[in-house]
Structure formats: C-alpha cells, structure tokens
J.: 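The following block contains the structure, expressed as structure tokens.
What you see below is based on every heavy atom in this structure, not just the backbone, and it leaves out hydrogens, waters and symmetry mates.
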Amino acid sequence: MAHSNAGLFLPTIRSGLDHPVTSSIFVDAALPARTGPTPVATPELLDFLRPMAVNGRLPRWTDWWDEAEVGPMFSDPLVRQTVVEEQPTLPLSYYEQHIPVPDGWDDHPCSYLLFGPPYDDLAAEARQRSWAVAHLPGAHLHQIIDPAGTAQLLVELATTT
C-alpha cells in the first residue's frame, strides 16, 4: 500500500521482496507506468517546482502551497506540527528522475483509494486498468483526519481484490 508519490515505487518494492504480494493498493497516489520507466513529475509540476529550489533543494511539501490549500488537510494543530516537522526537504533532482518499472508488476490484484482532486484522473486511469476503485471524500492527507474510515476501506480493498 502506498500514498501519494510512493505509488511510483510499488513495482520496484514488490520486485525486491522474497515473498508473493497478494494485493497492491494506491492511496491518493501516483500510478506507475504499465511498462517502462515512470517520470516522478510531469513537466508542469517541474515548472512549478524549479523556482522554489534553493541550492538544488526544495522546501517542505506543505510549504509549496497556500494556506487555503494546506490548512484543510489538518484537523488538529498538533498533528499538523508533527507532519510538518517530519517532512524532508527533497532535492529537485528527485522529481526529475524516472523510476524503473519491472515488466509484469501488475499481475496481481491492484486497487485505488481516492480522496479527491487532484487525483481524480489517476483514479479514472485505475478504473481503465480494471482495478477496484473506492472513494472516501477528503483532502490528500485524509488518512489523518479519518484514520478509521480509511483503514476500513483499505481492508475492504485488500480483501475484495
């Protein structure tokens, strides 16, 4: 199970395991290509990020956006502080790379849990791949707002695929 950009790494992680994977779940996540390397960021996102980089490093993810976009993701100031303090500052080069995608990585049940925009198109792509798709309306970090509801849907997706 992977959230956000971590979805790009599920095929590589799976290929490195010494046991079978019964299900992969993408939670408001980027999707790896069906085959071939996957760019971490679109050209539009790179155009957005490049001006923010200082000495090749980006600010924390929550600092990329206006308060009107970030604030609703947090229902509790202490949780927000914890999340903000734990964020790394990644190098811009992380977003400029392409992640290898092993052939046949999706030969097992995959599913998608959508919280909401801007991941609607990725959920639609998951549907096109014939994956199970569930929708739990919320913002990108909805799992910290509704951990029980999120966990319930993840269990359902894991056991029905």
Side-chain angles (χ1 to χ4, degrees), residues 1-17 21 23-33 36-102 105 110-126 131 133-155 157-158:
M1 173 178 334
H3 176 256
S4 197
N5 246 19
L8 299 176
F9 296 92
L10 274 183
T12 301
I13 292 167
R14 179 177 182 244
S15 72
L17 297 175
V21 173
S23 174
S24 291
I25 304 173
F26 295 79
V27 182
D28 230 28
L31 296 179
T38 302
V40 172
T42 64
E44 296 80 19
L45 180 57
L46 287 172
D47 288 345
F48 172 73
L49 294 176
R50 283 189 178 106
M52 286 188 238
V54 176
N55 296 323
R57 294 201 77 78
L58 293 165
R60 298 173 302 202
W61 176 81
T62 51
D63 295 333
W64 298 359
W65 317 104
D66 294 331
E67 178 60 25
E69 294 172 289
V70 173
M73 290 189 227
F74 301 96
S75 61
D76 178 275
L78 183 57
V79 170
R80 180 179 181 162
Q81 178 182 351
T82 301
V83 169
V84 168
E85 289 174 357
E86 290 180 356
Q87 291 176 75
T89 59
L90 295 174
L92 177 63
S93 61
Y94 166 81
Y95 292 95
E96 294 172 325
Q97 70 179 320
H98 287 69
I99 307 302
V101 178
W105 73 267
C110 296
S111 55
Y112 198 94
L113 175 55
L114 170 67
F115 295 141
Y119 291 85
D120 300 305
D121 290 345
L122 292 165
E125 183 179 338
W131 296 1
V133 176
H135 183 211
L136 182 60
H140 188 55
L141 300 178
H142 192 67
Q143 67 273 26
I144 62 175
I145 302 290
D146 183 10
T150 303
Q152 178 183 346
L153 273 175
L154 291 173
V155 169
L157 287 169

J.: Restricting to side-chain contact (heavy atoms from CB on, under 4.5 Å), what partner residues turn up for L113, sequence neighbours left out?
T.: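 Counting only residues at least two positions away or on another chain, L113 forms a side-chain contact (heavy atoms from CB on, under 4.5 Å) with V27, F115, A134, L136, T150, L153, L154, L157.
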J.: Considering residues, nucleotides and ligands other than D47, do more than 12 of their heavy atoms fall under 6.0 Å from its CG?
T.: yes
J.: Which of these, L78, V84, D76, V83, sits in a side-chain contact (heavy atoms from CB on, under 4.5 Å) with R80?
T.: V84
J.: To the nearest 0.5 Å, what is the distance between CG on L31 and CZ on F26?
T.: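 Reported to 0.5 Å precision, the distance equals 6.0 Å.
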J.: Looking only at non-hydrogen atoms, find the nearest pair between L8 and P39 and report the distance.
T.: CD1-O, 4.0 Å
J.: Atom CZ of R57 and atom CG of L92: how far apart are they, to the nearest 0.5 Å?
T.: 10.5 Å
J.: I'd like to check E96 versus V40 (side-chain heavy atoms, cut-off strictly below 4.5 Å). Are they in contact?
T.: no
J.: Quick one, Q87 and T62 - any side-chain contact, counting heavy atoms below 4.5 Å?
T.: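 Result yes, sub-4.5 Å side-chain heavy-atom pair found.
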J.: Any idea which heavy atoms bring A139 and M73 closest together, and the distance?
T.: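 Minimum heavy-atom separation between A139 and M73: CB-CG, 3.7 Å.
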J.: Do you know which two heavy atoms are closest between A29 and G7, and how far apart they sit?
T.: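 Closest pair (atom of A29, atom of G7, distance): CB-CA, 4.2 Å.
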J.: Rounded to the nearest 0.5 Å, what's the gap from CD on E125 to CG on D120? Could you check?
T.: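 So the gap between those two atoms works out to 13.0 Å.
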J.: Looking only at heavy atoms, what is the nearest atom pair of P32 and A30, with distance?
T.: CD-O, 3.9 Å
J.: How long is the span from the OG1 atom in T38 to the CG atom in N5, to the nearest 0.5 Å?
T.: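 Answer for the OG1-CG pair, T38 versus N5, is 10.5 Å.
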J.: Looking at Y94 versus W61, is the centre-to-centre ring distance below 6.0 Å?
T.: no
J.: Which heavy atom in Y95 sits nearest to a heavy atom in L46, and how many Å separate them?
T.: O-CD2, 3.5 Å
J.: Measure the shortest side-chain to side-chain distance between S24 and W131 over non-hydrogen atoms and say whether it is less than 4.5 angstrom.
T.: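 No, their side chains stay 4.5 Å or more apart.
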J.: Between NE2 of H140 and CG of L114, what distance do you get to the nearest 0.5 Å?
T.: 11.0 Å
J.: To the closest 0.5 Å, what do you measure between OG1 (T12) and CH2 (W105)?
T.: 10.0 Å
J.: Do the side chain of Y119 and the main chain of S4 share a donor and acceptor less than 3.5 angstrom apart?
T.: no
J.: Which heavy atom of A126 sits nearest a heavy atom of V133, and at what distance?
T.: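 Reported closest heavy-atom pair: CB-CG2, 3.9 Å.
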